[in-house]
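Starting from 1, each residue takes its place in the sequence as its number.
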Amino acid sequence: MPKGLQEMKFRSEFEPYLLTIQHDSKKPLNKWSPQSGGDGGRNWLRRPDHFNIAVILAPYSPYFVLDIDGEKGYKNLQGLQIVYGKLPRTFVVKSPSGWHYYFRYQQGIKRSIGWLAPSIDIICHGYTLLPGSVIDGKRYEVLDDVSIVSAPNWLIRLASNTSKQIDTPAKNKTAAQYDGEDYEFKVWRARRYVEKMAPAVQGQGGHTQLLCVCHALRKKFDLDIPDCRSILCEYNTRCVPPWRLDVPRERYDFFRKLSEAEKW
């Protein structure tokens, strides 16, 4: 397995957008702004063991990154894929805290922190460290050395519906400033609401508790079915035991609570 940018098969794809980063840091070596572009990694090429290296992201390059933070983010990504479909194979980097999935940028995709699901971020409008970089003794390493592909339609749709304001609404607007048409904010509030609900525990009214969650999503927040399913998959990771959504019978039993909540 390649360990750094030097050994990558598709390194040349990044070269126009490379940016030299200070040693053991995420700060650029020289004064930088997105409009100024990259430096081609000139200093890094001369001393790759002394500097870190980064790639500039969209809209100033053709790439954006799906940032998965830790095991919680990975489980939530699995839940999203169960609902919407699997991610295509693309270039993946193992970061010190998780995984970076690289995709081709499409107009309209916005940066977001935890909007798709907890511990899952969309990174653009900046840069991110590449394999070979080291932070606090921990390396960024190539996990899947393949060419970068386009994101699936479902990810493009969800990533295009996010906004910076949705990341921290309380700091920017009061609840009264959001009306019924602000659907994205309703999804954000619903996700945070369900995070605080007790998990469904087998033998302790688990099915009733799941029904309460479904009722909140459909009746309290009036969310569409696909968004309800996405949030339920996140909730399922906290249930004891979780429903096995890869088993058709359990998957049906899990999601039919949404239709039951309509009549409850």
Sequence neighbours left out, cut at 3.5 Å: what donor-acceptor pairs do the side chains of residues 212-228 make with other protein atoms?
| unit_1 | atom_1 | unit_2 | atom_2 | d |
| --- | --- | --- | --- | --- |
| Arg218 | NE | Glu262 | OE2 | 2.6 |
| Arg218 | NH1 | Leu223 | O | 2.5 |
| Arg218 | NH2 | Glu262 | OE2 | 2.5 |
| Lys219 | NZ | Glu262 | O | 3.4 |
| Asp227 | OD2 | Tyr183 | OH | 2.7 |

State, to 0.1 Å, how close [X] and [Y] come at their nearest heavy-atom pair, and which atoms those are.
X: Trp44; Y: Phe51; value: CD1-O, 3.5 Å
X: Glu260; Y: Leu211; value: CB-CD1, 3.7 Å
X: Gln6; Y: Arg11; value: CA-NH1, 4.0 Å
X: Pro88; Y: Phe103; value: CG-CE2, 4.0 Å
X: Asn52; Y: Asp24; value: ND2-N, 3.6 Å
X: Phe64; Y: Leu57; value: CA-CD2, 4.5 Å

Out of curiosity, [X] [atom1] to [Y] [atom2], how far, rounded to the nearest 0.5 Å?
X: Leu80; Y: Arg229; atom1: CG; atom2: CZ; result: 13.5 Å
X: Leu19; Y: Ser61; atom1: CG; atom2: OG; result: 11.5 Å
X: Ser97; Y: Ile68; atom1: OG; atom2: CD1; result: 10.5 Å
X: Arg256; Y: Leu210; atom1: CZ; atom2: CG; result: 9.5 Å
X: Glu234; Y: Leu116; atom1: CD; atom2: CG; result: 9.0 Å
X: Gln106; Y: Leu155; atom1: CD; atom2: CG; result: 10.0 Å

For [X], check side chain to side chain contact (heavy atoms under 4.5 Å, CB included) against everything at least two apart and list the hits.
X: Lys27; answer: Gln22, Ser25
X: Ser150; answer: Arg104
X: Asn236; answer: Cys239, Pro242, Trp243, Leu245, Phe254
X: Lys72; answer: Asn76, Pro118, Ser119

* To do: Mind running side chain to side chain contact (heavy atoms under 4.5 Å, CB included) on Leu29 and His23 for me, showing each step along the way?
  => CA-CA 8 Å; Leu29 181 63; His23 174 70; over 6 Å; no

Are the side chains of [Y] and [X] in contact, using a 4.5 Å heavy-atom criterion?
X: Tyr235; Y: Arg191; result: no
X: Asp253; Y: His207; result: yes
X: Ile120; Y: Leu66; result: yes
X: Asp121; Y: Asp69; result: no
X: Tyr105; Y: Tyr60; result: no
X: Tyr63; Y: Ile123; result: no
X: His100; Y: Phe91; result: no
X: Leu87; Y: Leu77; result: yes

Can you name the residues that form a salt bridge (Lys or Arg N to Asp or Glu O under 4.0 Å) with [X], not counting sequence neighbours?
X: Asp144; value: Arg89
X: Glu71; value: none
X: Glu195; value: none
X: Arg244; value: Glu250

* Report the C-alpha separation of Val92 and Tyr102 in whole Å, then their side-chain angles, then the decisive distance to 0.1 Å, and conclude whether the side chain to side chain contact (heavy atoms under 4.5 Å, CB included) test is met. => CA-CA 6 Å; Val92 182; Tyr102 284 72; over 6 Å; no

Exam field: side chain [X] to backbone [Y], donor-acceptor pair closer than 3.5 Å:
X: Arg238; Y: Met197; value: yes
X: Asn43; Y: Thr20; value: no
X: Glu15; Y: Gly40; value: no

Would you mind writing out the side-chain donor-acceptor pairs for residues 126-137 within the sub-3.5 Å range, not counting sequence neighbours?
| unit_1 | atom_1 | unit_2 | atom_2 | d |
| --- | --- | --- | --- | --- |
| Tyr127 | OH | Lys26 | O | 2.5 |
| Ser133 | OG | Ile53 | N | 3.0 |
| Ser133 | OG | Ile53 | O | 2.9 |
| Ser133 | OG | Leu130 | O | 3.0 |

* Asked: What class does the angle between the rings of Tyr84 and Trp154 fall in, given that below 30° is parallel, 30 to 60° is tilted and above 60° is perpendicular?
  -> parallel

* Quick one: ring-ring contact (aromatic ring centres under 6.0 Å, His included) partners of Phe255, sequence neighbours excluded? -> none

* Apart from Val240 itself, what residues make up its hydrophobic cluster, given side-chain heavy atom links below 4.5 Å? -> Val201

* **Path from Trp99 to Val149 over hydrophobic side-chain contacts below 4.5 Å** => yes

* Residues Val93, Glu141; criterion side chain to side chain contact (heavy atoms under 4.5 Å, CB included); working and verdict -> CA-CA 6 Å; Val93 172; Glu141 298 186 351; over 6 Å; no

